[in-house]
Asks: 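Here it is: the structure, laid out below.
In each ligand, atom 1 is the first atom listed, and ligand 1 is the first ligand listed. Given the structure is predicted, the values throughout are model-derived calculations rather than measurements.
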Amino acid sequence: MRLLIASSLLGGVLAAQTPLDPAAWGSDHVGKAVPEYTQGDECLFCHRNEIGNAWQRNAHRTTMMQREDAGALVQFLAAGPKTASLARQVTHTLGYRNHVRFLKQDGYGKYDVLNARIDLTPERKVRSIVNADSPKWEGSAKFAGRCAGCHATAVDPATKAASGIGHDCYACHGVVDLEHTNDTSKIFLSKKQRSDAKAITATCASCHLRDFAQSRSTGAPYANNFVPGDNLFKDYQVDWSKAEDANLNPGDRHVYRAVRDVMVNGSDLTCLGCHSLHKSDTLKHRRVLTNPGCQDCHNETGPKSVVKQYEVHSAVCEY
Ligand code: HEC
Ligand code: HEC
Ligand code: HEC
Ligand code: HEC
Ligand code: HEC
Ligand code: HEC
């Protein structure tokens with residue numbers, strides 16, 4: 001009886017809540033030039049101790065690397081009989097943790113993608129080479145039109161050239177006022193400017209809503225000239241139903257859910273309530289109050305030490 005009352009009360013509260021319009025705040029940079037920004041090397045000159053060391057291993061940096069920084073990755077490709085000659089042409093790698101693709105620079109900010117992919121085991125051994133028998137370069141239109149916006153930095157909407165490889169500080173901190181050394185409230189994501197749930201969520205969402213979102217103005221699967229602080233959702237169209245889609249893997253589904261809960265349902269639990277970006281950990285997620293989203297990875301009842309097994313796949317990322 002008591003349960004019945006509680007659940008009908010809850011239903012009433014939910015029904016009374018009007019969904020928010022994610023596009024209804026702020027502005028964006030669609031149709032504008034890419035702003036001038038300070039490059040990471042300069043930031044790290046001052047921030048090398050607290051940020052620099054861990055940054056070397058951060059997945060956002062290693063998602064695209066020059067060949068000479070990529071360690072053994074290109075050697076894995078060179079070991080295949082049919083991929084060996086193409087391995088010599090590789091200038092950059094794409095991906096690092098579980099799946100790796102290979103790139104050949106083709107002019108300023110443009111890259112040709114090799115169709116072959118290396119899948120790694122957790123011990124960083126080669127599990128398989130996909131397309132090992134028929135490797136070929138796919139043309140630079142592919143990277144520019146389908147990958148650049150999420151794996152490189154500051155893609156020019158007109159030329160589609162990326163101005164930085166991997167994710168420079170700009171991708172999350174935006175245009176940084178160098179006066180911030182005296183007043184850290186001037187810099188997005190500083191301890192003093194880390195409370196705008198919508199702006200934070202939009203920044204992470206600008207790359208993490210894979211497969212079921214696209215730019216209205218360009219038709220590309222990535223955002224058009226997003227600058228942190230912008231409202232992504234004026235131009236980026238998202239299929240919000242994916243937040244509850246049991247067929248979507250939990251890795252991607254919990255991202256859709258987290259973004260939907262902030263942008264549509266007015267929650268203030270951002271990605272940063274669970275993730276520490278620079279420490280690359282999720283330790284604080286254990287302290288969040290249980291909510292329906294926990295079931296993306298844990299069972300409804302029983303200990304939280306049990307985590308549902310899942311594999312992450314993505315059509316747009318081709319793995
Ligand atoms: C909308 C943004 C977006 C687009 C567009 C995109 N990716 Fe990704 N990609 C991601 C995100 C986010 C991840 C990490 C997801 C995760 O681990 O849950 C990722 C992961 C990957 C990985 C695995 C990295 C690793 O270390 O295991 C590869 C490989 C990859 N993408 C290749 C591509 C290629 C090739 C393209 C273009 C054909 C592409 N992606 C387009 C956002 C994107
Ligand atoms: C992928 C997004 C992202 C990128 C790229 C990024 N940051 Fe951050 N940064 C964050 C977030 C989120 C925080 C808030 C604290 C956290 O989660 O680590 C933060 C916090 C910081 C802080 C404050 C640390 C503290 O003690 O609270 C500094 C300094 C910083 N970033 C510097 C940099 C520099 C320098 C770069 C480039 C080399 C960079 N960040 C790249 C997202 C990013
Ligand atoms: C001339 C040195 C210098 C440069 C260049 C510089 N910073 Fe800073 N930054 C500082 C100092 C000093 C502080 C304040 C003390 C502190 O918190 O480290 C600071 C603070 C920060 C904070 C807030 C830390 C907090 O405690 O909340 C962030 C985030 C940050 N910087 C990111 C960047 C990024 C990103 C760049 C490049 C675009 C950059 N900085 C360039 C010196 C610099
Ligand atoms: C410019 C695009 C971009 C932005 C902005 C971005 N990410 Fe990512 N993120 C990626 C890609 C791509 C990967 C996969 C990199 C790889 O493995 O090659 C990734 C990987 C990750 C991972 C898995 C790797 C790890 O370190 O555990 C987490 C967690 C993550 N991002 C959280 C965030 C959060 C939180 C934000 C917002 C503060 C954010 N990202 C902003 C593109 C982005
Ligand atoms: C309720 C807590 C919670 C929230 C909110 C949350 N995450 Fe996660 N996320 C996790 C946990 C826990 C993992 C699993 C980490 C692991 O496997 O060790 C994870 C995994 C990930 C991964 C996959 C990492 C990998 O190994 O490939 C990415 C990417 C990611 N989160 C991005 C985000 C982004 C972006 C947001 C915000 C839109 C977000 N998360 C919101 C808790 C959360
Ligand atoms: C994206 C998947 C994901 C989501 C969503 C998620 N968890 Fe987890 N959780 C994990 C993984 C993976 C671990 C083991 C590694 C770790 O602690 O980060 C874990 C571990 C835990 C642990 C430690 C259990 C133990 O005894 O070892 C607790 C507590 C926990 N989660 C609580 C929660 C709560 C509460 C939520 C919802 C607010 C949640 N989790 C959402 C993936 C997730």
Asks: Under 4.0 Å from any heavy atom of G95, which atoms of ligand 4 are there?
Replies: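 What qualifies from ligand 4 is 18 (O).
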Asks: Any idea which atoms of ligand 4 are less than 4.0 Å away from a heavy-atom of T63?
Replies: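 Contacts of ligand 4 toward T63, numbered from 1: 12 (C), 15 (C), 16 (C), 18 (O).
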Asks: Looking only at heavy atoms, which two atoms of P157 and N225 are closest? And how far apart?
Replies: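 Closest approach of P157 to N225: CG-CB, 3.8 Å.
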Asks: Can you name the atoms of ligand 4, numbered from 1 with element, that are less than 4.0 Å from a heavy atom of A171?
Replies: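 Result: 1 (C), 5 (C).
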Asks: What's the spacing between Q56 CD and I51 CD1 if we round to 0.5 Å?
Replies: 12.0 Å
Asks: Are any non-hydrogen side-chain atoms of R253 and K242 less than 4.5 angstrom apart?
Replies: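 SC-SC contact between R253 and K242 ruled out.
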Asks: Do we get R48 above F45's six-membered ring, with its NZ or CZ under 6.0 Å from the centre and within 45° of the axis?
Replies: yes
Asks: Can you hop from F233 to V255 via hydrophobic side chains spaced under 4.5 Å?
Replies: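 Same hydrophobic cluster.
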Asks: Quick one: ligand 5 N/O to protein N/O pairs below 3.5 Å?
Replies:
unit_1, atom_1, unit_2, atom_2, d
ligand 5, 7 (N), H254, NE2, 2.9
ligand 5, 7 (N), H275, NE2, 2.9
ligand 5, 9 (N), H254, NE2, 2.8
ligand 5, 9 (N), H275, NE2, 2.8
ligand 5, 27 (O), R97, NH1, 2.9
ligand 5, 31 (N), H254, NE2, 2.8
ligand 5, 31 (N), H275, NE2, 2.8
ligand 5, 40 (N), H254, NE2, 2.9
ligand 5, 40 (N), H275, NE2, 2.8

Asks: Which word best sums up how the rings of H60 and W55 line up, parallel for under 30°, tilted for 30 to 60°, or perpendicular for over 60°?
Replies: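 Because their plane-to-plane angle is under 30°, the rings of H60 and W55 count as parallel.
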Asks: Using a 4.0 Å cut-off to any heavy atom of C150, which atoms of ligand 4 qualify?
Replies: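 Under 4.0 Å from C150, ligand 4 has these atoms: 2 (C), 12 (C), 42 (C).
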Asks: Within 45 degrees of the ring normal and closer than 6.0 Å to the centroid, is that where the cationic atom of R124 sits relative to Y96?
Replies: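 Judged by the rule, R124 and Y96 form a cation-pi pair.
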Asks: Do M263 and K198 come close enough that some side-chain heavy atom pair is under 4.5 Å?
Replies: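 Yes, close enough: below the 4.5 Å cut-off.
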